[in-house]
Number of protein chains: 2
Amino acid sequence: MSRTVLTREQVLEAADDLVRQHGPDALTMRGLAARLGTAVTSIYWHVGNRESLLDALVERTVEEMGAIQPTGRTPATRIVSVARRLRGELHARPHLIAMVHERGLTERVLLPAQRALVREAHTAGLRGARAAEAVRAVQFQVVGFVLVERARELAQDETPGRERPRKSASARKDPALARALARPADPERLFTASMRALVKSLLAQGST
Amino acid sequence: MSRTVLTREQVLEAADDLVRQHGPDALTMRGLAARLGTAVTSIYWHVGNRESLLDALVERTVEEMGAIQPTGRTPATRIVSVARRLRGELHARPHLIAMVHERGLTERVLLPAQRALVREAHTAGLRGARAAEAVRAVQFQVVGFVLVERARELAQDETPGRERPRKSASARKDPALARALARPADPERLFTASMRALVKSLLAQGST
DNA sequence: ACCTGAACACCGTTCAAGT
DNA sequence: ACCTGAACACCGTTCAAGT
């Protein structure tokens, strides 16, 4: 591609492209070198090794995500808005989620959102350890949800329709429920619903 | 090890040992063959390839987990008890979680617990789509939580103390909160607390 | 300071050949 | 039916040598 001297930035850029298009597994040092038109070993000079290259990629994307502004009137709706935005940001970068997760950088990604959440918990009347617990509960819920969602998407791609669930005794008693469980979940809806449920209970502790 | 003829069961057993002790990455076809004292290619004859070997391993462990009995008086406490037991089961098999997750078999692991959850939602007065949503919310919460926890543990092993969070404006106003957030979260406590919060709100919908 | 090819020590998988 | 060694096409990484 480029005729000029190779820079660390160019290596990162090309690696980022590769990961975005085909996932982290598609990023091989040899493939990357070929793409850049250099010897494999040049890449090692610029980024150390594969592991630290991926680290740099994650750091890059996390910075790019930036802060999150809450919207809405009540603390509850504002917290849910932060959660939804955070989910959206993570969803826009499907491969990033797995990489952050594997690297244990979850806390790092959550830091910008944490500030906003703390502020809202405070206005809702929560203090000290109780506020911290509420903030963390929301954070865990968001990341956990996105991870499960992602796994579900991958599963659909690779094994479409693995096994029909058998009808249980309680299913026969409530066919509407059985039908709802047979359908794949609508993640957007489910996320908002459980987030609202969680936040409602957490904030209720502030006023008692 | 064994002098007799090689069986599929022996291959699975040895593979299971390896994964349990050193994780899925440690499972190489060559290493496994060496451990069993056979040629690599014999293993291929018995289990197909590495991918289906891992699939078989997951299936095996999931069956081993079995059903989950709720305890407690009210539907809320019974649901929370199922959630806690499920978390415990998953936690007792650290490597399994990652494997199930990567393979998109989350739903499969959750099936036994789902029956119990449906029953409790029903006794709590939830019906149809609303009951399904509650059940799924709980399931997502459990798996998500465990995934986040696991990532956190891995992170601790590899990068102890990456970066101290700076003191924010709101942290200075509530030092107890700041201290609580600086400490690593107690997952057991946090899990139970947010599970209770979630379930409380979800079931409240049944009586309105 | 930056780039190179050759080489090392690994992988998973296939295949033709054995018994 | 079951097992084998050889070979293929990949990996990440190191190292001595170039400019």
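Note that these values count all heavy atoms, side chains included, but never hydrogens, waters or copies made by symmetry.
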Chemist: Short question: side chain of B/Asp55, backbone of B/Val58 - any donor-acceptor pair under 3.5 Å?
Modeler: no
Chemist: Salt bridge check: are B/Arg93 and B/Glu89 linked by an N-O gap of less than 4.0 Å?
Modeler: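 The answer is yes: the pair qualifies as a salt bridge.
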Chemist: Can you check whether B/Ser42 has a side-chain N or O nearer than 4.0 Å to OP1 or OP2 of D/dT4?
Modeler: yes
Chemist: Starting at atom CG of B/Leu36, determine the distance to atom P of D/dC2, rounded to an integer number of angstrom.
Modeler: 16 Å
Chemist: Quickly work out the A/Met29 CE to D/dG12 P distance and round it to whole Å.
Modeler: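 Going from A/Met29 (CE) to D/dG12 (P), I get 7 Å.
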Chemist: Only pairs with both distances under 3.5 Å count, Watson-Crick or wobble alike; so what is the partner of D/dA6 in this structure?
Modeler: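 The answer is C/dT14, by the H-bond criterion.
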Chemist: Salt bridge check, B/Arg35 against B/Glu13: does any charged N sit closer than 4.0 Å to a carboxylate O?
Modeler: no
Chemist: Can you tell me if the side-chain N/O atoms of A/His46 get under 4.0 Å from OP1 or OP2 in C/dA1?
Modeler: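 For C/dA1, neither OP1 nor OP2 has a side-chain N or O of A/His46 closer than 4.0 Å.
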Chemist: Against the six-membered ring of A/Phe191, is A/Arg87 placed for a cation-pi contact (under 6.0 Å from the centre, within 45° of the normal)?
Modeler: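 Yes.
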Chemist: Provide, to the nearest angstrom, the distance between the CG atom belonging to A/Leu27 and the C1' atom belonging to D/dC10.
Modeler: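 My rounded result for the distance is 15 Å.
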Chemist: Report the nucleotide, chosen from D/dT13, C/dC2, D/dA1, that has the shortest atom-to-atom distance to any side-chain atom of A/Trp45.
Modeler: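 Closest of the options to the side chain of A/Trp45: C/dC2.
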Chemist: For C/dA1, which nucleotide is its Watson-Crick or G-U wobble mate, given both distances must be under 3.5 Å?
Modeler: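 Pairing partner: D/dT19.
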Chemist: By nearest nucleotide on DNA chain C, pick out whichever of A/Arg30 and A/Val40 is the more 5' one.
Modeler: A/Val40
Chemist: Nearest-Å distance, CG (A/Asn49) to P (D/dC15)?
Modeler: 13 Å
Chemist: For the side chain of B/Asp17 and the backbone of B/Arg20, is there at least one donor-acceptor N/O pair under 3.5 Å apart?
Modeler: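 No, because the side chain of B/Asp17 does not come within donor-acceptor range (under 3.5 Å) of the backbone of B/Arg20.
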Chemist: Side chain of B/Leu6 only, heavy atoms from C-beta on: which candidate in D/dG12, D/dT4, D/dC3 is closest?
Modeler: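 Within the option list, the nearest is D/dC3.
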Chemist: For B/Ile43, report the nucleic acid contact type (base, sugar-phosphate, nothing); a contact means any heavy atom under 4.0 Å.
Modeler: nothing
Chemist: Which of the following nucleotides, C/dT14, D/dC3, C/dA6, is nearest to the side chain of B/Thr41?
Modeler: C/dT14
Chemist: Without decimals, in angstroms, what is the distance between A/Tyr44 OH and D/dC11 P?
Modeler: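 Rounded to whole Å, this separation is 11 Å.
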Chemist: According to a strict under-4.0 Å criterion, is A/Thr28 in side-chain N/O contact with OP1 or OP2 of D/dC11?
Modeler: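 Yes, A/Thr28 has a side-chain N/O under 4.0 Å of OP1/OP2 on D/dC11.
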Chemist: How many whole angstroms separate atom CZ of A/Arg8 from atom P of C/dC3?
Modeler: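 Roughly 14 Å, once rounded to whole Å.
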